[in-house]
Amino acid sequence: MKKWKPKGFRELGPLLAFVILAVFTAILNPRFLTLFNLQSLGRQIAIFGLLAIGETFVIISGGGAIDLSPGSMVALTGVMVAWLLKQGVDVWLSVLLILAFSLGVGAWHGFFVTKLKVPAFIITLGTMTIARGFAAVITKGWPIIGLPNTFLRIGQADFLKIPIPVWILLVTTLISDFFLRKTVYGKHLRASGGNEIAARFSGVNVDRVRIIAFMVSGLLAGLVGIIVAARLSQGQPGVGGMYELYAIASTVIGGTSLGGGEGSIIGAIIGAGIISLLWNALVLLNVSTYWHNVVIGVVIVVAVTLDILRKRLASK
Amino acid sequence: MKKWKPKGFRELGPLLAFVILAVFTAILNPRFLTLFNLQSLGRQIAIFGLLAIGETFVIISGGGAIDLSPGSMVALTGVMVAWLLKQGVDVWLSVLLILAFSLGVGAWHGFFVTKLKVPAFIITLGTMTIARGFAAVITKGWPIIGLPNTFLRIGQADFLKIPIPVWILLVTTLISDFFLRKTVYGKHLRASGGNEIAARFSGVNVDRVRIIAFMVSGLLAGLVGIIVAARLSQGQPGVGGMYELYAIASTVIGGTSLGGGEGSIIGAIIGAGIISLLWNALVLLNVSTYWHNVVIGVVIVVAVTLDILRKRLASK
Amino acid sequence: GKSVHPYWSQVEEGVKAAGKALGVNTRFFVPQKEDVNAQIQMLEAFIAQKVDGIAIAPSDPTAVIPYVKKALQQGIPVITLDTDSPNSGRYVYIGTDNYAAGYRAGTIMKEILGGKGKVVIGTGSLTAMNSLQRIQGFKDAIAGTNIQIVDILNDEEDGSRAVALAESALNAHPDLAAFFGVYAYNGPSQALVVKNAKKVEKVKIVCFDTTPDILGYVKEGVIQATMGQRPYMMGYLSVTVLYLMKKIGVQNTLALLPKVTVDGKEDYIIDTGVDVVTPQNLNDYLKEMERLGIPIRF
Amino acid sequence: MLLEAKKITKRFPGVLAVDNVDFEVYENEIVSLVGENGAGKSTLIKVLTGTLKPDSGEIYVNGEKVSYHSPLDAFKRGISVIHQELNLCENLTVSENIFLAHELVRGKKKALYSLVDEKTMRRKAQELLDMIGARFSPNTYVSDLTTAQRQMVEICKALVKEPKVIFMDEPTSSLTVEETRRLFEIIKRLKERGISIVFVSHKLEEVKEISDRVVVMRDGKRVGELRKEEIDVDTIIRLMVGRDVEYFPHGIETTPGEVVLEVKNLSWKNRVKNVSFQLRKGEVLGFAGLVGAGRTETMLLVFGVNQKDSGEIYVRGKKVEINTPMDAIRLGIGLIPEDRKLQGLVLKMTVKDNVVLPSLKRLSKKGFILNEGEEEKVSEEYVRKLSIKTPSVYQIVENLSGGNQQKVVLAKWLALNADILIFDEPTRGIDVATKAEIHRMIRELAAQGKSIIMISSELPEILNLSDRIVVMWEGEITAVLDNRERKVTQEEIMYYASGQRKQNRGDIR
Ligand SMILES: Nc1ncnc2c1ncn2[C@@H]1O[C@H](COP(=O)(O)OP(=O)(O)OP(=O)(O)O)[C@@H](O)[C@H]1O
Ligand SMILES: Nc1ncnc2c1ncn2[C@@H]1O[C@H](COP(=O)(O)OP(=O)(O)OP(=O)(O)O)[C@@H](O)[C@H]1O
Ligand SMILES: [Mg+2]
Ligand SMILES: [Mg+2]
């Protein structure tokens, strides 16, 4: 009953899938490669990718933990930041307040999961529903518009032709990959997910490690909320539906096991890339929307299945 | 040796929550107790309850398995049965065909999970997306109407003042509770979920046991699809959104652990009862819709948390 | 379009029919659920493709502004249909705005109820612009009467939940006078409940769209009135206008279109009108649609 | 006195696990803690090392009263522990495990965000491994290690904390004689370095060899203490059990009959090479060898857990294909697995449910509907026979002591009533009294006409129970020895176990 061990470049499978899809799309429709389209794709990858990084932390922390709240949190924090800005609060202060708030929500999840032993599924499902509800309560459903230009730049401007959200994703990826692989925290996180009791007996503060994981996920959901609000020029209570599922799927496509203990930030980004690419390519390839969901579902299943078979063959 | 048995009535917590909510609602609005309302509530409980039974089987089977497909399968099978009926296929034959189809989808999930080792999350997320897509492809968004009256009775008629879907739920509950607690299959299922390897060493055909669990979940999703179509008098591609989450939440509220190995059918039904009751009570209590999601989220979290604390105190 | 819904599939039919008649290549997209971000993502993909023209029903009028501007900058003509985005620089708006249609519904409700009674609204979204505008229009129309909106029910685009909620509402308000259904499946859900509860005489229904099930209930007299927005026309005209813009130029096309003045600004709006279908005029409506060449499934 | 505990009491639902126990550790001593399965040894150790909170009692370290909030508090005071159930993160490497929660970091202060100094950690891990004579790289993933190797990792892990006292809860239960000898050398070296050891074992010869002092527990109470010169196996047993125990069941004779199981040229990967042997009705066939000799792997092929690459299996003269344990059980083969937590038990289920799991079909009405009454009867019977210490058969297995869990594994397969029984290390972690009882049962089963394969790393067990002995080395059989006269010696087995081949071994029947 041996577990498959990371030999070589583990994210090879999903990366191949991404590249094949991209090349395929580019051949069928060369406009795929226009700067404009790549920027658009990049912004989408940033949105799913950031959420997927958060999920990766939570999932690695083990105990079957997942975070179902990101999608709704994106809506709520987007609405909140827009509300703050409308009250005339300074842009950066608003952003900071929102990040602090979402960090707090993450800590709240972590507290319930570790101290009260409430399943992560339930507490984050609760937030999913509650946050979605509050977004509607705050706005009565109407978007909050008229946000300052400085703020909109977060979602819409480019730097060196690369959209700001992509820069944010790059920086976040580097930092979190570093944390996961090189720091004490990363080791403790993987230990907690791999064998909670062993980690506890060794003196790892498993609870704190898990709480931090949820805080990372919360924080990134808030960050995405800000980016999306800036991208849409408004606080929209209706955005983000199902984003949590896409984020979790990205993570799993990238090779993270839902059982906890192991996972890859890079893989999660590639997973987010595949899903975003599908959204983009299906339009470029002129597939009727009614079929979009069918194709996305099939590609996710096929990509994951082939990757698993590939790994199994490789380990023989 | 004395007959020392550890546990009392495990579903006490959720049952209390249900009763308190019901009494509370009935006091504030006596119309809660009208036959019409109880029938309506019963039909809703039947829908979530049947799905929750399926999830219970899948979750107990272990390995972090959950089934994300039921909501979309409800939509797809509802559309399919309506389509068949429109083609003039006999009512009972259509029903049988749909049940066979959904059983097949369940087997498909089981096959991927056990034989190809694809995570249940991914393969059922795939079906979730694909089924939703096909429902749209078949109907282009149009409801399929004009279904025969015999069929509509499945969703709308009563027998002894009790709606047919509630009868279906009762029978299904009795059968599945019996299977889970009183048969070799039930024990094998719990053993497979508790420790897959030990179960294999004990001669349990773990793969088959798991495939059957997914088939039960598939079958019940199809059954609910038929009930919903009959209830709405039409095949509608948009129904069932998020039902899988409600079903899983019902299961967890009822005391099933997402880690696998244990779970309770009765608990799942009570969980489904709590969620359905909330949908109903919030309207009766005239709570503004903007707050519905907030209240539902809070009640779910509070109910589960209190139950966990109660159990912890009781075991002290 | 915004989400998979019969309304949009009627728009699509119009788009296709026009495309065929004019010999142009048309593409029609709706996301599964209303999601502004997803719509913008699609819009960008179209801009990247350098299509000849875009007709969009903005999920949100302000959110799309920067992206419509981007398209215009790249020389792609953009028009709006169904929902307008007046500040985006789009050339033309084709449709009846949802506020106006909602207002019409409110006016009719006022007539049916004789100016008093309790109403429950059923909708599929608390955040989608079309729902918000229809409800707002409805509210504004009944303002000042004794009609009271006792509840708004959000079923999150789940037809089954719509039925459950309508049942609860009917029970919670024994003196309910009417339902107002915002999305296409809301009306039939309410009709089903009212019919099964044998309250057809007591509880009136006004709703949106002209799907066959709605027309069936109209015929039976369970639904008193439904608002048809002629989605087919919107689709057909959008393609035609974009075709002209490509063929004879944007300015020349605009010159052919009716010019209106809004807040002192000149604008181009093609009002596709609202059809109010009632049991009384159902046959006339069907005949009229046939005359216009709009297919009716019934 | 390094550590002193006074009047420690710990209670679990239905069980008084530790009852008013005093315990002390002096400088520079090796003190053994012995007692029957479920006597409360592990619980006491958990209390003393901060993994369980006592219900009452006081703990003093270096004369200072302490109250632990986590294992970390104990480490900080120089108290390390190797638990009975090994606790390593299989998803991490050896060096990561050794330094878990004690990582070496760049920079002065250590915080969660500190950069881990992998290079130094690996070097130091290598030094520790070398010191205790382990021959695997610190970069190996723990999931790739054998039980004995994991034990070594645990020792390194304890050493990293630079402790004054190391508690070792049954460290030798899965070690061979050779490995145990090496561990004792390490223990002695540690003692020279001023580290005291608290040692738990059911192998009383070992206890006698290593201990400066022995503390005996029975039913949660401390019942006696022996000083170095008083230590004697029989005395310990009398204190532990309250009576004398006969070690090995002499006099249960069997008459081996026809061949019931024949294995021909079985091969699997590089770990089982061309293995052939015969098993007769009514005999006990012992399998000896060093750890890693491939005995377990061979039996996993016979039982259908792994699929053979080549070779043939005959049961009662008929060639059979065994692809899953189900097939094997249907053919009347039962395998008592080596790793109780992983392969043997569903920890969250009750004793009863575990005991009846393999025989469920037989015990059920129409092979389908459970018969709770019958299940209860069968499981209670085995709880009694194997003296499993549990409040009732409805106790969750996870809550049993290590040895009692092992007994449940045995009960499971004895209840199956299979004709061919394969025991893999059956008495690991089981106390002397029950061990003797199990030995008697094994002989009795053979006398009843069952056929038994017994893998054991305890040579006395092999020598005293087996009618014939198969010796394996690196995946092949090097000798088959006739032991009907009980004349085979330890030296003889060790000779073949180290790779010497016996000629014309086909002669032996
Ligand atoms: N978590 C628990 N819940 C309930 N009972 C427990 C728990 N842990 C231990 N026990 C019980 O406490 C008693 C002492 O167990 P302990 O593990 O200390 O025994 P031990 O002396 O280490 O035995 P062994 O030699 O088998 O390892 C046993 O009867 C056991 O069943
Ligand atoms: N490919 C492998 N790499 C590392 N370890 C392995 C591998 N295959 C098996 N092992 C482990 O090596 C251990 C010892 O090997 P094996 O079981 O063949 O020897 P054995 O003679 O049965 O030893 P024991 O005396 O412990 O029963 C087993 O527990 C097994 O899990
Ligand atoms: Mg112990
Ligand atoms: Mg072995």
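So you know, we letter chains A, B, ... as the sequences are listed, proteins then strands, and number each from 1. Values reported hereafter were calculated over all heavy atoms of this structure, with side chains retained and with hydrogens, waters and symmetry mates removed.
Residues satisfying the ring pair (Phe, Tyr, Trp, His ring centres under 6.0 Å) criterion with A/Trp83, sequence neighbours excluded, are absent altogether.
Shown here for B/Phe134 and A/Val294, the closest heavy-atom pair between the two residues is N-CG2, 3.6 Å. When all heavy atoms of B/Pro119 and A/Val252 are compared, the pair lying nearest together is CG-CG1, 3.9 Å. For B/Arg312 against A/Lys115, the heavy-atom pair with the smallest separation is NH2-O, 3.0 Å.
Around CH2 of B/Trp108, the count of heavy atoms belonging to other residues, nucleotides or ligands within 6.0 Å does not exceed 12. Enclosure of atom CG in B/Leu285 by more than 12 non-hydrogen atoms of other residues, nucleotides or ligands within 6.0 angstrom is indicated. Enclosure of atom CH2 in A/Trp279 by more than 12 non-hydrogen atoms of other residues, nucleotides or ligands within 6.0 angstrom is indicated.
Proximity to chain A (any heavy atom under 4.5 Å) is restricted, for B/Leu125, to the side chain, taken from C-beta onward. Only the side chain of B/Leu309 comes within less than 4.5 Å of a heavy atom of chain A; its backbone N, CA, C and O stay farther away.
Note: B/Leu245 leads B/Ile123, B/Leu245, B/Val302, B/Ile138 in heavy-atom pairs under 4.5 Å with chain A. Of the listed residues (B/Val118, B/Val137, B/Val301), the one with the most heavy-atom contacts under 4.5 Å to chain A is B/Val137.
Taken from CE in B/Met128 to CE in A/Met242, the straight-line distance is 4.0 Å, to the nearest 0.5 Å. Atoms CD1 and CZ, on A/Ile59 and B/Phe121 in that order, are 7.5 Å from each other to the nearest 0.5 Å. Separation of atoms OG1 (B/Thr139) and OH (A/Tyr290) is listed at 8.0 Å; rounding is to 0.5 Å.
Checking A/Ile248, A/Ile308, A/Ile300 one by one against B/Ile122, the side chain to side chain contact (heavy atoms under 4.5 Å, CB included) holds for a single residue, A/Ile300.
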